[in-house]
Amino acid sequence: MSDDVDVDAVVVGAGFAGLYMLHSLRGLGLSCRVIEAGSGVGGTWYWNRYPGARCDVPSLEYSYGFDDDIAREWTWTERYATQPEILRYLEFVAERLDLSRDITFDTRVVSAAVDEGASRWVVTTDNDEMISCHFLIMATGCLSAANLPAIDGVDDFGGPTYHTGQWPRGGVDFTGLRVAVIGTGSSAVQSIPLIAEQADRVIVFQRTPAYAVPAHNRPLDPAEVEQVKADYPRWREVARNTGTGFGGHLAAPLVGALEVDEEERRRVYDERWAAGGLAFLGSFNDLMFVPAANDTAADYVREKIAEIVDDPELARRLSPATVIGCKRMCVDTGYYETYNRENVELVDLSGSPIERLTATGIEVAGTVHECDAVVFATGFDAMTGAIDRIDIRGRGGLALKEKWAAGPLTYLGLQVNDFPNLFMITGPGSPSVLTNMVVAIEQHVEWIRDVIEKMHTEALATIEPEADAEADWVAYVNAVAELTLFNGCSSWYLGTNVPGKPRVFMPLPGFLDYKQRCDEVAAAGYEGFVFGVAMPAR
Ligand code: NA7
């Protein structure tokens, strides 16, 4: 072990959340170490380098609002930014705020244990370093632990295999190859059109079809960018006061899909389809609450698929039957059109799953589909995966993973009872992935910063939620989810994409209500939290 290091805070992860947390803690005059597994900053935008990787939130909104200079100095070039552009943005922010000197790269946190006597955490890394800290802040991301399904024969396959979330830094050249893509979520929907342009053949293995709405991506007009920048503070403020943290410039729907006639409904869907993007689900205010309303949006997209895909049987197989929006919708560029290409084939797994990988291909229902490379676009152990992969021990040696065996338990998605001074940024039980992540991250970072500042000012050693507050919060999150249609299909929101993971809806719908609740809790002296007195020994 190297010499012990002693800091005020350890932050795990150097993506959007970790970078802003570091900057905020520095602003309080605290010492902080960020531990990052990648060789650079960026988090999800460091790892997801697959072809076509883009954010599904418009770039002008998917950027920090906390620093006016950064907002002024950075200029986005496309409506939906590519992964390289977002990574450059985060590198620019890190450089601009001189963040990297407090970040340890190429290093993973393997364990963290609370030292109750000292009210400190002892963090251990895979470089055998031990760091003692007062606060431990998980900025580990909601979609960062790759889900690699346990399919027989993976090691028998003779060619290369890739996971979209662990894409090689130098890229991959598929020219002349037969490429199998497993999965049809967002990563597959974004990458398949580009892989199909390059590869000799693409074979898509689809377990559940996805709903995709067109991105209508385009270069941003510099005049438009300047106009938005000039109005940024108001734009951001509006976005922060919506249910999703974005779309602040779009009028919120005031009516339900069933409250208007067929003609008006179609007009609205046509308008939103033409505008493109996730705002399609905001066409009406009841789409995620009323099954018959949801059916109208689902029918509309299925009609579009039938219009785009030439082969009616293929269009039928690509058409989802589930509730639209209960899995995260995809935003695509030419996804359905790609199936009109001669070199793209769909293998439907709904009746029979992949049996195994052989030396030369993928076997389904006794047929081996020959291929040269396999892309696992199989998603992530979302929300809890990255936290669970660290051995986190709270009071009495309690393992967080054990505490969460039946599903994550948190208060406000920020803290866990028996784990004092452990914070999660966009943790389970908070709106997180149902929002514009940057807005949700900023709200969490600022809330955590404020409570840490209070603790320093008032010489408080620990903060931890009361067991009752946590239980009530978990019940509340479940009750809110029950009001929606999110339970209407299998999804990573529910953890059902990972075998053995408990089926629990992990994020909380409704950013604005949530933000107000966090503010009320703080204003009421951090209601539901218990503070321990006296600063820890240093
Ligand atoms: P997703 O959305 O979780 O998609 C993963 C896909 O992989 C999905 O179609 C899965 O089918 C499929 N999958 C997973 N395991 C298997 C196995 N064993 N066999 C066949 N198919 C499988 O992950 P993405 O990376 O695309 O997107 C994640 C988020 O990142 C996205 O929502 C955006 O927010 C950005 P299933 O649907 O489970 O039947």
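Residues: numbered from 1 along the sequence shown. Whatever order the structure lists them in is the order used to number ligands and atoms, beginning at 1.
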Original post:
With a 4.0 Å heavy-atom cut-off (strictly under), which part of Ser186 contacts ligand 1: side chain, backbone, both or neither?
Top reply: both
**OP:** May I ask you to identify, for Phe205, whether its side chain, its backbone, both or neither come under 4.0 Å of ligand 1 on a heavy-atom basis?
**Re:** neither
Original post:
Would you say Lys401 has more than 12 foreign heavy atoms packed within less than 6.0 Å of its NZ?
Top reply: no
Subject >> Phe486/Tyr493 aromatic ring centres below 6.0 Å >> reply: yes
**OP:** Answer yes if the ring centres of His369 and Phe205 are under 6.0 angstrom apart, and no otherwise.
**Re:** yes
Shortest reach to [atom] by a heavy atom, considering only [options]:
{"atom": "atom 8 (C) of ligand 1", "options": "Thr44, Thr184, Thr378", "answer": "Thr184"}
{"atom": "atom 29 (C) of ligand 1", "options": "Leu349, Val57, Leu143", "answer": "Leu143"}
{"atom": "atom 24 (P) of ligand 1", "options": "Gly185, Cys55, Ser187", "answer": "Ser187"}

**OP:** Check the pair Tyr64, His23 against ring pair (Phe, Tyr, Trp, His ring centres under 6.0 Å), reporting the backbone distance first and the verdict last.
**Re:** CA-CA 12 Å; Tyr64 290 123; His23 178 65; 9.0 Å; no
**OP:** Classify the angle between the aromatic ring planes of Trp74 and Trp76 as parallel (below 30°), tilted (30 to 60°) or perpendicular (above 60°).
**Re:** perpendicular
Subject >> Polar contact flag for Asp56 and ligand 1 (N/O pairs, less than 3.5 Å) >> reply: no
Original post:
ligand 1 and Trp492, any nitrogen or oxygen pair closer than 3.5 angstrom?
Top reply: yes
Original post:
Can you tell me if Ala377 has a non-hydrogen atom under 4.0 Å from ligand 1?
Top reply: yes
Original post:
Looking at ligand 1, does Lys327 have a heavy atom less than 4.0 Å from it?
Top reply: yes
Original post:
Which heavy-atom pair separates Phe66 from Glu446 by the least distance, and what is that distance?
Top reply: CB-OE2, 4.3 Å
Subject >> Criterion ring pair (Phe, Tyr, Trp, His ring centres under 6.0 Å) on Tyr62 and Tyr80, from CA distance to verdict >> reply: CA-CA 9 Å; Tyr62 193 76; Tyr80 292 99; over 10 Å; no
**OP:** Can you sort out which atoms of ligand 1 are near Gly183, meaning under 4.0 Å from one of its heavy atoms?
**Re:** 6 (C), 7 (O), 9 (O), 12 (C)
